[in-house]
**Student:** 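Mind looking over this structure? Questions follow.
Small disclaimer: the values here were computed from a predicted structure and weren't measured. Here is how names work: the chains are called A, B, and so on, in the same order as the sequence lines, proteins then strands, and each is numbered from 1.
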Amino acid sequence: MRYSQMLLPTTKETPSEAEVVSHQLLLRGGFIRKLSSGIYTYLPLGLAAVQKVAQIVREEMNRAGAQELLMPMVQPADLWKESGRWRKYGSELLRFVDRHERESCLGPTHEEVITDLARRELQSYRQLPMNLYQIQTKFRDEIRPRFGLMRGREFIMKDAYSFDVSDEAAEESYRKMYDAYHRIFDRCGLDFRAVEADTGTIGGSFSHEFMVLAQTGEDTLAICDQCSYAANVEKAKVVLPEPAPPGPEQPEEIRKVETPGMKKVENVAGFLHVRPESIIKTLVYIVDGEPVAALVRGDREVQPVKLKNLLGAAEVELGDDQRIYDLTKLPIGYLGPVDLPIKMVADQEVMRMANCVCGANEKQFHLTGVQPGRDFQPAVVGDLREVSATDSCPACGGALRLTEGIEVGHIFKLGTAYSEAMNATFQDGEGRENPFVMGCYGIGVSRVVAAAIEQNHDRNGIVFPLPIAPFQAIILNLGVNSEQITAAAEKLYHDLQQRGIEVLYDDRDERPGSKFKDADLIGIPCRITVGKTFEQEGKVEMRQRSDGTTETLAIEGAADIIAREIKNRLASFGRNKQTLAE
RNA sequence: CGGGGCGUAGCGCAGCCUGGUUAGCGUGCCUGCCUUGGGAGCAGGAGGUCGUAGGUUCGAAUCCUACCGCCCCGACCA
């Protein structure tokens, strides 16, 4: 591609709307333009990057035995009513009625459509297993779109769905996808981890997220460096040391103490001269409309997803003061588990505490000398709090590390939730009808591009991993008015293309500075400069964006050397092999 | 949905508080000269319903009201 003919509007200044680095660089580099909140046009360069990722995804999905198809984006409400998600999915599902007053929605995901297809087209166990995928634009009406391509309302997703005869067979399909995902992100040149994840609204029995490690990530991960354990903090188990430390020799009796204006743990701790570890924190959540008190140690934090799972609830939210007061008439800020008239759920750690401080359920008062088990008995006790960096790995006991991650892929074992709801069955060898055992597997293709940039950039711009770079090489013609230089640059451009290299040829009549800056900004891995050195010595310069290595090459044979270098570097990606450990 | 901020040329911003000729600066864009290894220089030029609607006023980018759009924070620790 000739730069002079390409729509590639780079800017020197950072648009004020962009906060995170990938968003800034995608705008500055002329990859995307915003149409409205969370909705972007992919300009030619941005589309090229997306397509590079999509192609890797496609190759690895095909290699894993999946077949590509393309489903509609507009979906009838009836299907969603069948699965029950027309009610459950919430306002992220963009709904509308057409001219015939038919209710429809824009597909945020395609379980309903694919299950409908499967029940029509797959009748026999002989046709299974089957794995079908598409790469397509999804629409989710996010609460708050942000960070450019990281959390858009409209985005490009690869979604795959597997159909199997049994649980065991479905697990094999899952394992294949797990391996394929490793190959995909590895080939993309990303630093990532597969982590155990919560199954979320999509439902199902177990699940892994693929996380690109980057500070701008919206998720927090607990990772063990000693073993392979890694989990989203929404899921990461807290394992308490065994045996439990012995209780106090003399359990105190309850005393009521005045604590004027002391609502926060740290205030109470300071005022009563106790450590936060001795305080029981009582938080009221609204769980499916009912108030529930969650108890954790004063220095701990409730993990709401764990709370939700522990209670088997559909929706958990922390109530605001007014709402809780309306529901319970309780004195917010002075709550405690002793004689609390609402349902209580305690973190396992709370039951190990002794001589605790907690709210007295009376304004301006707390209790001391509280003994869990003696003075109160929660309805449910379990793992409720978020892991911390001081906890140990639930798998090996080693040290845990917390780190931020960007979710680029998520795989689920769905089981028969959808096939049963939608009556999607096949006939087995004995002539019986059975529901398909399903799995579903997503990759945020456009988000992969953003995540790659978050992970690979410097002060001059993007440093694309070679496999997903929109072009592999860029030729800078620094003498467009020199016939000699231009002839050499043009020839190199053609020679590299003939050798299968994806080349952007900067033939613009611009000063060298602009060309260097633009080449750095858009992150093309291999830069070839044809300029003064060529006029003087007949040589061109090859420089690698990633490590800055520079070689000066005689023009004769340069195309071969450059092409070989790019192919060698390309071959170094996708070498890591990992499989799902059972 | 709650809180905060912003909306003036393609982009980045000033002007608004304290209303008053023709609305400015930087950059980008166009023309010419010059220059050509890290976003040069000089000269000339095009480009604006000051987000929209209404109001106050002799007069509104500026004051008031409503609406629209965008961004950030929150929706998780009492």
**Student:** Can you tell me the Watson-Crick or wobble partner of B/rG10, both distances under 3.5 angstrom?
**Tutor:**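 Across any shown strand, B/rG10 pairs with B/rU27.
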**Student:** How would you label the contact of A/Ser36 with the nucleic acid (heavy atoms, under 4.0 Å): base, sugar-phosphate, or nothing?
**Tutor:**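 Sugar-phosphate, backbone atoms only, no base.
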**Student:** Heavy atoms, side chains only, cut-off 4.5 Å: are A/Arg508 and A/Val480 in contact?
**Tutor:**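 No, side chains not in contact.
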**Student:** Examine distances only and state if a side-chain atom of A/Thr486 and a backbone atom of A/Gly479 form a donor-acceptor pair shorter than 3.5 Å.
**Tutor:**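 Indeed, once roles are kept as given, a pair shorter than 3.5 Å links the two residues.
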**Student:** Does a side-chain N or O from A/Lys517 land closer than 4.0 Å to OP1 or OP2 of B/rG38, or not?
**Tutor:**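 Checking B/rG38 against A/Lys517, no side-chain N or O comes under 4.0 Å of OP1 or OP2.
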**Student:** Check every atom of B/rG38, B/rC77, B/rC76 against the side chain of A/Asp520 and return the nucleotide holding the closest atom.
**Tutor:**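 From the listed options, B/rG38 comes nearest.
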**Student:** Rounded to the nearest Å, what distance is computed from the CZ atom of residue A/Phe147 to the C1' atom of nucleotide B/rC73?
**Tutor:** 10 Å
**Student:** Could you tell me whether the phosphate oxygens of B/rA40, OP1 or OP2, come under 4.0 Å of any side-chain nitrogen or oxygen in A/Arg511?
**Tutor:** yes
**Student:** Looking for any heavy atom pair under 4.0 Å, which part of the strands does A/Val284 touch: base, sugar-phosphate only, or nothing?
**Tutor:**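 Counting heavy atoms under 4.0 Å across all strands, the contact made by A/Val284 includes a base.
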**Student:** Nearest to the side chain of A/Pro15, which nucleotide is it out of B/rG39, B/rC11, B/rC70?
**Tutor:**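 Per side-chain heavy atoms of A/Pro15, the pick is B/rC11.
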**Student:** State which residues pass ring pair (Phe, Tyr, Trp, His ring centres under 6.0 Å) with A/Phe155; sequence neighbours excluded, sorted by chain then number.
**Tutor:** none
**Student:** With rounding to the closest Å, how many angstrom separate the P atoms on B/rU36 and B/rU49?
**Tutor:**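 It comes out at 41 Å once rounded to the nearest Å.
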**Student:** Taking any heavy-atom pair under 4.0 Å as a contact, classify A/Asp518: base, sugar-phosphate, or nothing.
**Tutor:**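 The answer is base, as A/Asp518 lies within the cut-off (heavy atoms under 4.0 Å) of a base atom.
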**Student:** Taking only side-chain N and O atoms of A/Ser16, does any of them lie within less than 4.0 angstrom of OP1 or OP2 on B/rG12?
**Tutor:**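 Yes, because at least one side-chain N or O of A/Ser16 sits under 4.0 Å from OP1 or OP2 of B/rG12.
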**Student:** Ignoring hydrogens and angles, does a donor from either the side chain of A/Glu510 or the base of B/rG39 sit under 3.5 Å from an acceptor on the other?
**Tutor:**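 Such a pair does not exist between side chain and base.
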**Student:** Starting from the 5' end of RNA chain B, give me the residue, A/Pro145 or A/Thr14, whose nearest nucleotide shows up first.
**Tutor:** A/Thr14
**Student:** Categorize A/Ile143 for me: base, sugar-phosphate, or nothing, with a 4.0 angstrom heavy-atom threshold over every strand shown.
**Tutor:** base
**Student:** Counting side-chain heavy atoms from CB outward, which of B/rG37, B/rG39, B/rC76 is closest to A/Phe516?
**Tutor:**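 The listed nucleotide nearest to A/Phe516's side chain is B/rG37.
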**Student:** For atom C1', what is the distance between B/rG20 and B/rG38, given to the nearest Å?
**Tutor:** 49 Å
**Student:** Separation of A/Leu476 atom CG from B/rG37 atom P, in whole Å?
**Tutor:** 13 Å
**Student:** How far does the P atom of B/rG54 sit from the matching atom of B/rG59, given to the nearest Å?
**Tutor:** 15 Å
**Student:** With a 3.5 Å limit on both atom pairs, tell me what B/rU65 is paired to, counting Watson-Crick and G-U wobble, or say none.
**Tutor:**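 Across all strands, the one nucleotide that pairs with B/rU65 is B/rA53.
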**Student:** Using a distance-only test with no angle check, is there a side-chain donor-acceptor pair under 3.5 angstrom linking A/Tyr505 and A/His494?
**Tutor:** no
**Student:** Between A/Arg144 and B/rC72, is there a contact of a side-chain N or O with OP1 or OP2 at under 4.0 Å?
**Tutor:** yes
**Student:** Could you let me know what B/rC1 is paired to, Watson-Crick or G-U wobble, both distances under 3.5 Å, or none if it's on its own?
**Tutor:**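 Across any shown strand, B/rC1 pairs with B/rG74.
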**Student:** What nucleic acid atoms does A/Thr529 come within less than 4.0 Å of, heavy atoms only: base, sugar-phosphate, or nothing?
**Tutor:**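 Base, at least one base heavy atom under 4.0 Å.
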**Student:** Using the C1' atom on both, measure B/rC73 against B/rG39 and round to a whole Å.
**Tutor:**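 These two C1' atoms come out 35 Å apart once rounded.
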**Student:** From the list B/rU36, B/rC71, B/rC76, which nucleotide is the closest neighbour of the side chain of A/Ser37?
**Tutor:** B/rC71
**Student:** Tell me the interatomic distance from A/Glu234, atom CD, to B/rC76, atom P, rounded to whole angstroms.
**Tutor:**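 About 12 Å, once rounded to whole Å.
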**Student:** Examine the base of B/rG28 for any acceptor or donor lying under 3.5 Å from a partner atom in the side chain of A/Glu13, and report the outcome as yes or no.
**Tutor:**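 It does not, because no donor-acceptor pair links the side chain of A/Glu13 to the base of B/rG28 below 3.5 Å.
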**Student:** Paired with B/rG37 by Watson-Crick or G-U wobble geometry, both distances under 3.5 Å: which nucleotide is it?
**Tutor:** none
**Student:** Does A/Lys34 make a cation-pi contact with A/Tyr40 (under 6.0 Å, within 45 degrees of the axis)?
**Tutor:**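 No.
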**Student:** Which part of the nucleic acid does A/Lys281 contact within heavy-atom distance under 4.0 Å: base, sugar-phosphate only, or nothing?
**Tutor:**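 Base contact.
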**Student:** Evaluate A/Asn232 against A/Thr220 for side-chain hydrogen bond (donor to acceptor under 3.5 Å, both in side chains), listing each step before the verdict.
**Tutor:** CA-CA 6 Å; A/Asn232 195 312; A/Thr220 306; over 6 Å; no
**Student:** Return whichever of A/Lys264 or A/Thr11 has its heavy-atom-nearest nucleotide of RNA chain B closer to the 5' end.
**Tutor:** A/Thr11
**Student:** What nucleic acid atoms does A/Arg527 come within less than 4.0 Å of, heavy atoms only: base, sugar-phosphate, or nothing?
**Tutor:** base
**Student:** In whole angstrom, give the distance that lies between atom CG of A/Leu43 and atom P of B/rG10.
**Tutor:** 17 Å
**Student:** Using the C1' atoms only, state how far B/rC16 lies from B/rC11, rounded to an integer number of Å.
**Tutor:** 22 Å
**Student:** Short question: side chain of A/Arg401, backbone of A/Ala222 - any donor-acceptor pair under 3.5 Å?
**Tutor:** no
**Student:** Under a 3.5 Å cut-off for both contacts, is B/rC42 paired Watson-Crick or G-U wobble with anything, and if yes, with which nucleotide?
**Tutor:**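 Its partner is B/rG32.
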**Student:** Heavy atoms under 4.0 Å, any strand shown: does A/Arg385 hit a base, just sugar-phosphate, or nothing?
**Tutor:** nothing
**Student:** B/rG38 P sits how many Å from A/Lys515 NZ, rounded?
**Tutor:** 14 Å
**Student:** Could you measure between the two P atoms, the one in B/rU65 and the one in B/rU18, and give it in whole Å?
**Tutor:**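 These two P atoms come out 15 Å apart once rounded.
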**Student:** Should the side chain of A/Thr533 and the base of B/rG37 be counted as holding a donor-acceptor pair, with the cut-off at 3.5 Å?
**Tutor:** yes
**Student:** Validate the cation-pi geometry between A/Arg95 and A/Trp80: distance from NZ or CZ to the six-membered ring centre under 6.0 Å, angle to the ring axis within 45°.
**Tutor:** no
